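Data first, discussion second: the structure below is written as structure tokens.
We count ligands from 1, going down the list as the structure has it; atoms in each ligand are counted the same way. Only a predicted model underlies this, so the values are computations on that prediction, with no experimental measurement involved.
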Amino acid sequence: VEELRPGEQGELTEQDWAELIDGEHEPFGPVGHSLEWRPKDRHVTFRDGDGRLVGAAGVLVATVQAGGEELPVVGVGSVIVTRTQRGRGLMPTLFERVRRLADDLGPDRAMLFCAPELVSLYERFGFVRIEAPVWADQPEGRIEMPEPSMWRPLRGGVSWPPGRVEVVGLPF
Ligand SMILES: CC(C)(COP(=O)(O)OP(=O)(O)OC[C@H]1O[C@@H](n2cnc3c(N)ncnc32)[C@H](O)[C@@H]1OP(=O)(O)O)[C@@H](O)C(=O)NCCC(=O)NCCS
């Protein structure tokens with residue numbers, strides 16, 4: 001199997017996205033495709049021998065309101081492995097690197113949105129379903145997010161407040 005090079009970078013460029021998606025139709029599914037997402041400002045990546053981007057996961061610091069509290073969270077998103085590289089076990093290394101990046105950012109909690117069929121995948125990396133409704137901005141106004149959301153503690157002794165969650169701004 002071809003050796004891939006791990007790396008880190010800021011925002012993804014259009015060229016980066018073209019390489020990641022590699023012609024696939026709606027890689028994040030129809031629901032993911034229909035929503036507007038916030039660009040992530042830091043990424044962990046994999047590149048192939050030709051320097052092409054074949055895997056990425058992004059993070060940013062976002063604010064959510066939950067249980068009457070305002071919480072900073074590390075929002076995780078833009079998680080994608082190019083279709084030709086899937087199924088060779090890149091996720092554990094990608095997410096180990098996401099966790100290290102997230103640990104350095106400050107917030108006590110990480111949060112993500114995912115397709116229902118990927119909930120059990122993210123549970124392997126310590127994420128837990130948020131059962132309460134989660135609301136976020138879209139260009140036409142605020143909506144209840146139609147996809148599962150999950151969180152994980154980044155330090156010991158941290159819990160998730162009960163009740164409706166309001167993401168300040170676009171989802172990530
Ligand atoms: C999700 C994704 C990043 C996983 O990358 P990967 O390199 O294939 O991950 P791995 O090889 O480490 O394996 C991941 C596991 O998830 C499972 N998985 C991946 N996609 C799945 C899907 N759509 N439904 C159910 N299980 C899925 C794989 O079967 C594998 O399980 P296994 O370890 O029991 O064999 C990749 O499938 C992808 O880019 N998908 C399209 C974009 C996307 O949905 N991103 C997530 C947005 S939240």
One finds that the ligand 1 atoms under 4.0 Å from a non-hydrogen atom of E117 are 22 (C), 23 (N), 24 (N), 25 (C)

Side chain, backbone, both or neither: which part of F28 comes within less than 4.0 Å of ligand 1 when only heavy atoms are counted? side chain

Is the shortest side-chain N to carboxylate O distance from R164 to E166 below 4.0 Å? yes

Specify the closest pair of heavy atoms between G169 and R38, including all atoms of both residues, with the distance to one decimal. C-NH2, 3.9 Å

Checking heavy-atom distances from atom 36 (C) of ligand 1 to each of E24, R86, R83, the winner is R86

Among non-hydrogen protein atoms, atom 6 (P) of ligand 1 lies closest to G87 N, 3.8 Å

Here the pair of heavy atoms bringing P107 nearest to R155 is O-NH2, 3.5 Å

Looking at atom 34 (O) of ligand 1, what's its closest protein heavy atom, distance included? R124 NH2, 3.0 Å

Go through ligand 1 atom by atom and flag the ones less than 4.0 Å from a non-hydrogen atom of G89. 10 (P), 11 (O), 12 (O)

Does atom 48 (S) of ligand 1 have a protein non-hydrogen atom under 4.0 Å from it? yes

Are the side chains of F46 and R5 in touch, meaning some heavy atoms are under 4.5 Å apart? no

Shortest protein contact, atom 46 (C) of ligand 1 (heavy atom only): V79 O, 3.3 Å

Between Y122 and R129, is there a cation-pi geometry (under 6.0 Å to ring centre, at most 45° from the normal)? no

Just let me know how F95 lines up against ligand 1, side chain, backbone, both or neither, with a heavy-atom cut-off below 4.0 Å. neither

Protein heavy atoms: any of them under 4.0 Å from atom 2 (C) of ligand 1? no

Nearest heavy-atom pair of F172 and A62: which atoms, and what distance? CE2-CB, 3.7 Å

What is the nearest protein non-hydrogen atom to atom 39 (O) of ligand 1, stated with its residue, atom name and distance? V81 N, 2.8 Å

One finds that the ligand 1 atoms under 4.0 Å from a non-hydrogen atom of P92 are 12 (O)

Is it true that E24 and R86 make a salt bridge, defined as a side-chain N closer than 4.0 Å to a carboxylate O? yes

Smallest separation among heavy atoms of K40 and G58, with atom names: CG-C, 3.4 Å

Residues sharing L12's hydrophobic cluster, by side-chain heavy-atom contacts under 4.5 Å among ILVMFWY, directly or via others? W17, L20, I21, F28, L53, I80

What about F113: any of its N or O atoms under 3.5 Å from an N or O on ligand 1? no

Please work out whether any backbone atom (N, CA, C, O) or any side-chain heavy atom from C-beta onward of L121 is under 4.0 Å from ligand 1, and answer side chain, backbone, both or neither. side chain

By ring-ring contact (aromatic ring centres under 6.0 Å, His included) - contacts of F125 (at least two apart): F95

Identity and distance of the protein heavy atom lying nearest atom 9 (O) of ligand 1: M91 CG, 3.2 Å

Report the nearest protein non-hydrogen atom to atom 22 (C) of ligand 1: residue, atom name, distance rounded to 0.1 Å. L118 CD2, 3.7 Å

Geometry only, no angles: is R88 polar-contacting ligand 1 at N/O separations under 3.5 Å? yes

If you compare all heavy atoms of Q138 against all heavy atoms of P171, which two are closest, and at what distance to 0.1 Å? NE2-CD, 3.4 Å

Quick look: C114 vs ligand 1, heavy-atom contacts under 4.0 Å, and the answer is both

So which protein heavy atom does atom 42 (C) of ligand 1 come closest to, and at what separation? P27 O, 3.5 Å

Please state which part of L94 comes within less than 4.0 Å of ligand 1, counting heavy atoms only: side chain, backbone, both or neither. neither

Regarding R100 and D104, does a basic nitrogen lie under 4.0 Å from an acidic carboxylate oxygen? no

